[in-house]
Amino acid sequence: MQTHKDFILWQKSVDFVVEVYKLTNSFPKEEIYGLTSQIRRSAVSISSNIAEGYGRHSDKELVRFLFISLGSASEIETQLLISQRLKFLDNESFEKLNRDILEIIRMLSALIKSKNQGGLIHPDNFE
């Protein structure tokens, strides 16, 4: 039986979390409850929502949680840029994480599109 763990997207998003945790270890200690915490929560949210959506055994529910993951991934784009501008991330680390999150965003978007043929499921339709 296939589970969320079999999805390359889920695997990549978990790998991304691990990288985020490693790189945010070097952030200033005063950011532990600020940017460090926010980036980590957003990163964890991506894989967690993929897993939860898959566990609902419904394409509509899966798409709903994929949209949530997409929102978290978009948050991270901004948080990484802020981290780079504040010099918490060097250019090389920023570029790697940015490439990774853009790939995750592309994969999320493609999965949403494939599960949402005909555009029947839209985030505004969720209660």
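Treat the numbers as computed from the prediction; the structure is a model and nothing was measured. Note that these values count all heavy atoms, side chains included, but never hydrogens, waters or copies made by symmetry.
- Closest non-hydrogen pair, L66 versus I50, comes out as CD2-CG1, 4.0 Å.
- In the hydrophobic clustering of this structure, W10 groups with F67; members are Ile, Leu, Val, Met, Phe, Trp, Tyr whose side-chain heavy atoms approach within less than 4.5 Å, directly or through other members.
- Distance check, rounded to the nearest 0.5 Å: OG of S83 to CG of L23 gives 10.0 Å.
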Review item, side-chain donor-acceptor pairs of residues 89-97, under 3.5 Å, at least two apart:
unit_1	atom_1	unit_2	atom_2	d
D90	OD1	E92	N	3.2
D90	OD1	S93	N	2.6
D90	OD1	S93	OG	3.0
N91	OD1	Q84	NE2	2.8
K96	NZ	D100	OD2	2.6

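- No side-chain heavy atom of V17 sits under 4.5 Å from any side-chain heavy atom of V20.
- A cation-pi contact, defined as under 6.0 Å to the ring centre and within 45° of the axis, links R40 to Y21.
- If you chain together hydrophobic residues whose side chains sit under 4.5 Å apart, I82 and Y33 never meet in one group.
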Inset, instruction - Decide yes or no on side chain to side chain contact (heavy atoms under 4.5 Å, CB included) for L62 and R56, but give the supporting numbers first. - result: CA-CA 7 Å; L62 175 59; R56 300 291 178 109; over 6 Å; no
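- For the atom pair OG (S48) and NE2 (H4), the distance works out to 9.0 Å, reported to the nearest 0.5 Å.
- S26 and F88 get closest at one heavy-atom pair: OG-O, 4.3 Å.
- With a 4.5 Å cut-off on side-chain heavy atoms, Q38 and S42 count as touching.
- Annotation: the span from L102 atom CG to L80 atom CG amounts to 9.5 Å, rounded to 0.5 Å.
- Annotation: side chain of S37 is not in contact with side chain of I32 (no heavy-atom distance under 4.5 Å).
- Rounding to the nearest 0.5 Å places CD of E103 at 10.0 Å from CD1 of I101.
- Residues I104 and V18 do not share a hydrophobic cluster, defined by chaining ILVMFWY side chains whose heavy atoms lie under 4.5 Å apart.
- The closest side-chain donor-acceptor pair between T36 and E31, if any, does not fall under 3.5 angstrom.
- Residues K12 and L9 form no side-chain contact, since every pair of their non-hydrogen atoms from C-beta on lies 4.5 Å or further apart.
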Inset, instruction - With side chain to side chain contact (heavy atoms under 4.5 Å, CB included) as the test, would you mind laying out the steps for N49 and R64 before giving the verdict? - result: CA-CA 9 Å; N49 279 294; R64 176 175 170 243; over 6 Å; no
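- Between F7 and Y54, the ring planes are perpendicular. Angles over 60° get that label, and only those under 30° would be called parallel.
- The two residues A73 and L108 have their closest heavy-atom pair at CB-CD1, 4.4 Å.
- Taken to the nearest 0.5 Å, the OG atom of S72 stands 6.0 Å off from the CD1 atom of I46.
- In this structure, CD on E52 lies 12.0 Å from OG on S47, to the nearest 0.5 angstrom.
- A 4.5 Å side-chain heavy-atom check between F27 and I39 finds at least one atom pair inside the cut-off.
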